[in-house]
Every structure is written in C-alpha cells, then in structure tokens.
Participant: 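Sharing a structure with you now.
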Amino acid sequence: MSVLVQMSGDPGGPMSTTRRVRAALGPMARENRPELEKRHPEIFAGSLRTRVATVAVIAGLIGLFVFALWRLDFSFARVGSGLGQLAHFITLMVPPSAGTTTRFWLFLDSLGETVAISLIGTLTAALLAFPFGFLAAKNVMTQRVLHFLTRRGLDTIRGVDTLIWALIWINVVGLGPFAGILAIMSSDFGAFGKLFSEAIEAVDRKPIEGVASTGGSRLAEIRFAILPQILPVIAGQVLYYFESNTRSATIIGIVGAGGIGMYLTEAIRTLEWQQVSLLVLMILVAVAIIDQISARIRFAVIGERRIET
Amino acid sequence: MPTTLPRLPDDRLRPLAEAYARSMRAARLKTFAGVAGLVVLVILAGWFAEVDLVKMVRRIGTVSDYVGRIFTFDNGDHVGRPVFVAPGEWMWGLSHWAKLILETLLIAYAGTVLGAIGGFVLSFMAARNLGRSPWLRGGVKRFLEFCRTVPELVFALIFVIAFGLGALPGVLALAIHTTGALGKQFAEVVENIDMKPVEGTTAAGGSWWQTVRFAAVPQVLPNFVSYTLLRFEINVRGASVMGFVGAGGIGQDLIEAIRKFYYADVSAILVLIILTVMVIDLLTERLRHRFTDTESRA
C-alpha cells in the first residue's frame with residue numbers, strides 16, 4: 001500500500017497512509033474491544049481519582065475566572081460599546097501618516113534612540129550579570145549561604161518591572177534616554193543573572209574533569225571547560241533579550257525615559273490616530289529587522305562553536 | 001597515587017604547538033573583529049542615547065539617597081526614622097493595597113486565561129502540520145507577531161480611551177499580548193508532536209475526538225501548561241504597571257506615590273509588589289515541576 005503511495009507521489013502521503021491503515025485496522029480493533037474489555041476490566045475502568053481531580057481543577061479554574069470577571073466589573077455592554085469605539089479608531093488610523101516630514105524624521109530619530117537604549121542596556125546588563133551568574137550557580141558557588149543570597153537578590157531585582165526602574169532612575173539622572181538605559185540594565189541584570197546561572201548549572205562535568213586532570217587551576221577550569229560550553233547559550237539569550245528589549249524600550253518613553261514611546265503616548269493621548277498607526281508600524285518593522293539580524297548572528301555563533309568542538 | 005605525564009620531546013612538540021597557534025590565530029582575529037565592531041556600535045549608540053557617564057558618576061550618590069529616603073518616614077510621629085521601627089505605620093494602607101494587589105493578580109489571571117484560550121485556538125491554525133491553507137496560516141502568524149510586538153501598555157493606552165478607565169482595558173491588553181506570545185509557543189509545540197501515537201490510536205479504532213484526547217493532548221499538555229504558567233508570572237509583573245496608564249491594579253497608587261513624593265509609601269508598595277511576585281514565582285515553579293513530573297511518570 002505504502003509503495004503505491006510513494007510511486008504516485010501523492011503530496012498528502014503520510015496522511016492518506018494513516019487513513020488507509022485506520023480503515024483497515026480500526027474496525028477490527030473495535031470488533032475485538034468487548035472481549036478485551038471483559039478480559040482486562042481494570043484497564044478500561046480508568047482511575048476515578050484522577051478523573052475527579054481533573055474535573056475539580058477545571059471547575060476551580062473556571063470558577064476563579066468568573067470570580068475575576070465579577071470582581072473587575074466586567075460587563076458585556078461595556079465590552080460591546082468599547083469594541084465599537086475601537087473599530088471607529090481603526091478606521092481613523094488609515095492611512096498611517098506623520099502629518100509633516102519634520103515630524104517623520106523626529107519619529108525616526110526617536111526610534112534610533114529606542115534601539116540604542118535597548119542595545120546598551122542589554123549589553124551592560126549582560127556584562128554586569130556575568131560574574132553574578134557564577135555566584136548564583138550551585139556547581140561553582142559551593143558556599144550555600146552566598147549562593148542563596150545571590151539568588152534571592154537577583155529575584156528581587158527581577159521582580160520590579162522595567163517601568164518602575166525607569167521611574168526610580170529618572171530621579172537619579174533626570175528625564176531622558178539615559179534613565180531608560182539604566183532601567184533596562186537593572187531589570188535585565190536580574191533576568192540574566194538567573195539565566196546565566198542556570199546555563200552554568202547545566203554544563204557537562206566531563207570537560208571540567210578533563211582540565212582538572214591535566215593540572216589546570218580553578219580559573220583554567222572556568223576558562224577552558226565552562227566558558228566554551230556556556231558562551232553560545234549566553235550569546236543566544238543576550239540576542240533574544242536585545243530583541244525583546246527593543247519592544248519594551250518602546251514603552252519606557254511613557255514615563256519620560258526616552259525613545260519612541262514618548263511620541264506614541266502623546267499621539268494616543270491627543271487622538272492622532274494616523275500617527276499612532278505609523279509609529280506602531282515603525283516599531284513592527286524595526287523589531288522584524290532586528291529579529292532577522294539576531295537570528296543570523298545566533299546561527300553564526302552557534303555554528304562557529306560547533307566547528308571548534 | 002602520584003602519576004606522571006610523559007612529556008613529548010621538544011622537536012616533536014614544536015610543530016604541534018605551531019599548528020595550534022596557527023589555527024587559533026584565525027579564530028582570535030575573528031573574535032577581535034567582532035568585539036571591535038560591537039564596541040564601535042556601543043559608542044555610536046551611547047552618543048545617540050545621550051549617555052553621560054560624568055553626570056552618572058556625579059549623581060550616583062542619589063541612588064542610595066533615594067533608596068534611603070524611601071525607607072524613611074517623611075511625616076507623622078516617626079519623622080526621619082527608618083520605616084522598620086514602626087511597621088504598622090509604614091504599612092498603614094495595607095488593607096487597601098492588599099485589595100489592589102488582589103485586583104492586580106486577578107487582572108493577570110483573567111488576561112492569561114483569555115490569552116491562553118486565544119493562543120490555543122490560533123496555534124492549531126498556525127502550526128505547520130495541522131494548518132489547512134497556507135494563506136490562513138501566514139495570516140494567523142502575522143497576526144500573532146503583531147499581538148506580541150506591540151507592548152501591552154500601548155494596547156492598554158488605546159483601550160483605556162475606548163473602554164474607559166478601570167481593570168477591563170488592562171485585562172484585554174494582557175489578553176492580546178498573551179495570545180501573541182502563547183500562540184507562537186503553542187504552535188511550536190504542536191509542530192513538534194510525534195505522529196506515531198496518532199497513528200496508534202487511529203489503528204486501535206479511535207474516533208477523531210479520541211485521537212486528539214489520547215494521542216495529541218497528552219503530548220502537548222505539559223508544555224502548554226508550563227508555558228501558560230510562565231506567562232502568568234510575566235503577566236503579574238505586567239499587571240503591576242497597568243495602573244500607570246489607568247488600566248487598574250496597584251500601579252495607579254505606585255505612580256501616584258512616586259510622583260507626589262510619598263517616599264514611605266513608595267517603599268511599602270514596592271515591597272508588597274516584590275513579595276507578591278516572589279510568592280507567585282515560587283508557586284508556579286513548584287506547580288510546573290510537579291506537572292511535568294507526573295506527566296513523565298504516567
């Protein structure tokens with residue numbers, strides 16, 4: 001049967017094979033079922049406990065959801081009228097336009113600022129988090145108390161949203177993109193510390209033993225056994241965060257920390273819908289370009305490592 | 001047991017060392033070029049983003065100043081003393097803030113549930129092995145991309161104007177962002193399922209529904225649940241700042257306290273948010289591990 005499928009070059013090959021197998025075996029299996037059920041009743045009965053537990057969990061989730069909607073004053077009338085408004089806004093959004101050419105250049109300039117904020121913020125965070133990743137890794141940091149404190153410290157920093165960090169840093173360096181950089185650096189520092197430590201904890205022990213067996217010091221172990229294993233992982237994570245930070249860097253302008261967010265907030269608040277759609281479009285394009293570039297770099301880095309090892 | 005490594009004679013070692021140096025030189029050059037390029041980019045970006053290290057160094061003291069100030073009472077009976085001497089007064093608004101934190105959690109929960117449902121439905125359309133027409137698949141993929149690239153606060157800003165102030169725009173904004181993020185991750189999971197159980201169930205005479213239930217769902221469920229729980233964690237953080245634009249939750253009180261310089265309140269609310277996020281992180285992590293464990297045992 002399968003030979004026939006391959007010869008005819010049917011594009012839906014596997015699917016039709018499955019269908020044919022089912023057509024052949026399904027009815028036979030169904031015929032045998034009553035007998036099988038009689039012979040092995042315990043398998044067909046299933047477990048009452050898991051069934052009850054499943055139903056209870058689902059009921060609990062739905063109950064909590066309904067409670068949330070009730071508590072948050074969800075009403076279908078409001079949703080309906082809001083959707084109507086939203087549709088109206090969308091019609092006002094086309095065509096996207098900046099109004100004047102000068103304003104378009106202003107937008108482009110602030111988009112560049114956003115990308116710059118994200119680049120520097122991510123890189124500084126990675127550099128700062130690098131040593132802390134080792135401190136927070138269980139297999140490098142054998143001192144339990146220090147390890148625990150580093151982990152909790154990183155968690156605390158991570159628990160504060162980028163926007164809150166931006167508000168705090170504005171108090172220190174004033175309004176502007178520099179506060180944005182520091183905000184992204186702070187929140188990513190926590191995230192990177194955790195991710196790096198996880199990468200370090202997942203390394204293969206054997207290269208470390210190899211370096212130790214040739215008389216390498218602790219530092220040589222880190223440099224020649226741990227580092228080559230974690231660098232591609234870290235590079236991938238940094239690139240991914242650069243991309244996602246370009247997204248979050250677009251919003252820190254809302255609190256005055258630089259970048260395109262300031263114009264976006266202003267355009268939304270003053271109901272300049274054509275500008276809003278243009279700004280959103282610009283962000284989408286910028287993120288797509290960065291996505292492409294970072295994918296290429298990621299493959300280059302990983303490929304290089306593969307050849308070396 | 002002491003061991004000695006035999007050392008190669010110098011005349012045999014030299015060509016080997018030279019070959020090693022040669023092969024390393026090319027790799028080093030490449031790395032240096034990469035680093036140099038990066039440094040140039042960073043300097044350019046720094047110039048663009050008005051990085052002022054002098055100002056930063058000069059004012060770095062204000063960070064500890066600020067931290068010190070938010071942990072000090074600025075009025076009341078304990079003016080000028082650290083907040084920890086009178087926790088009752090520091091947390092004077094605890095019942096009010098607790099309610100707002102509950103609201104924040106509910107916003108995150110409702111947004112995650114709605115987004116997970118949306119992502120679940122769309123992921124099957126976006127998956128390569130199940131999506132029917134390539135046009136629909138491409139369209140769904142672009143839509144998911146749009147949902148996840150536009151930050152949730154931008155959606156919230158627009159929704160606040162359309163739906164009015166309150167938690168509703170916050171929930172919807174989170175739901176849209178979650179749909180985009182989970183839709184992509186779910187689609188990847190669906191694309192990676194093993195087709196053999198599907199064939200097995202169909203060969204045993206299972207209906208389409210039974211095939212999905214016993215062959216597809218057990219494969220994707222642990223990953224779906226794990227991704228959804230992770231997203232809930234992220235959404236709790238996102239919901240904590242929704243109030244900045246008037247979309248409900250604790251953020252409203254936080255930004256008011258920061259803007260009006262109620263220093264002690266800033267630290268109180270921040271501490272509450274951090275504690276909440278930590279507890280949620282711990283709980284979801286435990287839940288995630290338990291879920292993946294039971295599934296792998298079954």
Side-chain angles (χ1 to χ4, degrees), chain A residues 14 18 21-22 25-27 29-30 33 61 64-65 67-69 71-74 78-79 82 85-86 89 112-113 115-117 119-120 123 155-156 159-161 163-164 167-168 171-173 176-178 180-181 214 247-248 250-251 254-255 258 264-265 268-269 271 276 280 283-284 287 308, chain B residues 5 27 30 38 41-42 44-46 48-52 55-56 59-60 62-63 66 102-103 106-107 109-110 113 145-146 149-151 153-154 157-159 161-164 166-168 171 195 198-199 202-206 237-238 240-241 244-245 248 254-255 258 270 273-274 277-278 281:
Chain A
T18 316
V21 168
R22 181 184 166 179
L25 292 178
R30 265 201 297 275
R33 187 174 157 153
L61 287 173
L64 190 57
F65 183 63
F67 172 71
L69 293 190
R71 189 65 217 234
L72 302 172
D73 291 330
F74 224 78
R78 244 181 103 193
V79 174
Q85 281 263 18
L86 214 55
F89 292 160
E113 200 176 278
V115 176
I117 290 172
L119 177 70
I120 302 187
L123 280 178
D155 280 351
T156 310
V160 179
D161 194 85
L163 264 191
I164 300 173
L167 282 169
I168 293 173
N171 282 305
V172 178
V173 296
F178 193 30
I181 291 178
T214 57
R247 285 166 214 191
S248 44
T250 56
I251 50 158
I254 287 176
V255 295
L264 190 55
T265 322
I268 294 174
R269 292 228 162 111
L271 308 181
V276 172
V280 168
I283 294 172
L284 284 174
V287 170
E308 256 181 42
Chain B
L5 290 170
K30 220 170 164 185
L38 199 62
L41 261 181
V42 166
L44 254 170
F48 214 74
E50 301 163 24
V51 171
D52 191 345
K55 188 169 157 196
M56 162 88 186
R59 304 198 53 178
I60 194 72
T62 38
V63 183
Y66 188 75
L102 176 71
E103 192 183 306
L106 288 177
I107 290 173
Y109 177 72
V113 169
E145 221 161 71
F146 168 77
T149 303
V150 179
L153 268 184
V154 173
L157 268 171
I158 297 176
F159 289 171
I161 296 171
F163 295 92
L168 176 63
V171 170
M195 287 307 273
V198 176
E199 284 168 23
T202 43
R237 256 164 251 173
S240 69
V241 294
F244 284 21
V245 298
L254 178 61
I255 197 162
I258 293 178
L270 273 182
I273 291 178
I274 291 172
V277 168
M278 270 186 171
D281 277 12

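Each chain gets a letter, A, B and so on, in the order the sequences are listed, and its residues count up from 1. Note that the coordinates shown come from a computational prediction; the quantities given were computed from them, not determined experimentally.
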Participant: Using side-chain heavy atoms (C-beta onward) and a distance below 4.5 Å, is B/L38 in contact with A/L123?
Facilitator: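 Yes, their side chains come closer than 4.5 Å.
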Participant: Mind ranking A/G258, A/S248, A/G176, A/G112 by heavy-atom pairs under 4.5 Å with chain B and telling me who comes out on top?
Facilitator: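 Between A/G258, A/S248, A/G176, A/G112, the count favours A/G112.
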Participant: Would you say that B/I273 contacts A/V160 through its side chain, given a criterion of any heavy-atom pair below 4.5 Å between the two side chains?
Facilitator: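 Counting from C-beta outward, B/I273 and A/V160 never come under 4.5 Å.
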Participant: Taking the side chain as C-beta and beyond, is there a heavy-atom pair between A/R71 and B/L102 under 4.5 Å?
Facilitator: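 Result yes, sub-4.5 Å side-chain heavy-atom pair found.
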Participant: Drop me the distance from B/E145's CD to A/L284's CG, to the nearest 0.5 angstrom.
Facilitator: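 Going from CD on B/E145 over to CG on A/L284, the span is 8.0 Å.
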Participant: Under a 4.5 Å cut-off applied to non-hydrogen side-chain atoms, are A/I164 and B/L254 in contact?
Facilitator: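 The answer is yes; the side chains approach within 4.5 Å.
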Participant: Which answer fits A/V173, side chain, backbone, both or neither, if we ask what part of it has an atom under 4.5 Å from a heavy atom of chain B?
Facilitator: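 Its backbone and side chain both get close to chain B.
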Participant: Please classify the contact of A/D73 with chain B as side chain, backbone, both or neither, using a heavy-atom distance under 4.5 Å.
Facilitator: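 Answer is neither: A/D73 stays 4.5 Å or more from chain B.
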Participant: Under the rule for salt bridge (Lys or Arg N to Asp or Glu O under 4.0 Å), what residues qualify as partners of A/R269, not counting sequence neighbours?
Facilitator: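 None.
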Participant: Below 4.5 Å, heavy-atom pairs only: which of A/E113, A/R78, A/R33 has the largest tally toward chain B?
Facilitator: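 Looking at each option in turn, the highest pair count goes to A/R78.
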Participant: With a 4.5 Å cut-off on side-chain heavy atoms, are B/L270 and A/I168 touching?
Facilitator: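 They are in contact (side-chain heavy atoms under 4.5 Å apart), so the answer is yes.
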Participant: Report the C-alpha separation of B/L168 and A/L72 in whole Å, then their side-chain angles, then the decisive distance to 0.1 Å, and conclude whether the side chain to side chain contact (heavy atoms under 4.5 Å, CB included) test is met.
Facilitator: CA-CA 7 Å; B/L168 176 63; A/L72 302 172; over 6 Å; no
Participant: Measure distances from A/V115 to the heavy atoms of chain B and classify the residue's part below 4.5 Å as side chain, backbone, both or neither.
Facilitator: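 Looking at A/V115, nothing touches chain B.
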Participant: Quick one: CZ on B/R237 to CG on A/D161, what's the gap to the nearest 0.5 Å?
Facilitator: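 Rounded to the nearest 0.5 Å, the CZ-CG separation comes to 8.5 Å.
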Participant: Measure the CZ-CZ distance between A/F74 and B/F163 for me, rounded to the nearest 0.5 Å.
Facilitator: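 Answer for the CZ-CZ pair, A/F74 versus B/F163, is 8.5 Å.
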Participant: Specify the closest pair of heavy atoms between B/Y109 and A/L61, including all atoms of both residues, with the distance to one decimal.
Facilitator: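 Scanning both residues, the minimum pair turns out to be OH-O, 2.6 Å.
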Participant: Within the structure provided, determine whether B/L106 and A/L69 are in side-chain contact (heavy-atom separation under 4.5 Å).
Facilitator: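 No - every pair of side-chain heavy atoms lies 4.5 Å or more apart.
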Participant: Going by side chain to side chain contact (heavy atoms under 4.5 Å, CB included), name the residues that satisfy it together with B/I161, two or more places apart in sequence or in a different chain.
Facilitator: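 Checked B/I161 against side chain to side chain contact (heavy atoms under 4.5 Å, CB included); matches are A/F89, A/I268, A/L271, A/W273.
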Participant: Would you say that B/F244 contacts A/I254 through its side chain, given a criterion of any heavy-atom pair below 4.5 Å between the two side chains?
Facilitator: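 When only atoms from C-beta onward are counted, A/I254 and B/F244 do not touch, as no gap falls below 4.5 Å.
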Participant: Between A/I251 and B/V154, is any pair of side-chain heavy atoms under 4.5 Å apart?
Facilitator: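 Contact flag for A/I251/B/V154 side chains = yes.
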Participant: Could you tell me which of B/I158, B/V277, B/I258 has the largest number of non-hydrogen atom pairs under 4.5 Å with chain A?
Facilitator: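 It is B/I158.
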Participant: So which atom in A/R247 and which in B/P151 form the shortest heavy-atom distance, rounded to 0.1 Å?
Facilitator: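 The answer is O-CG, 3.4 Å.
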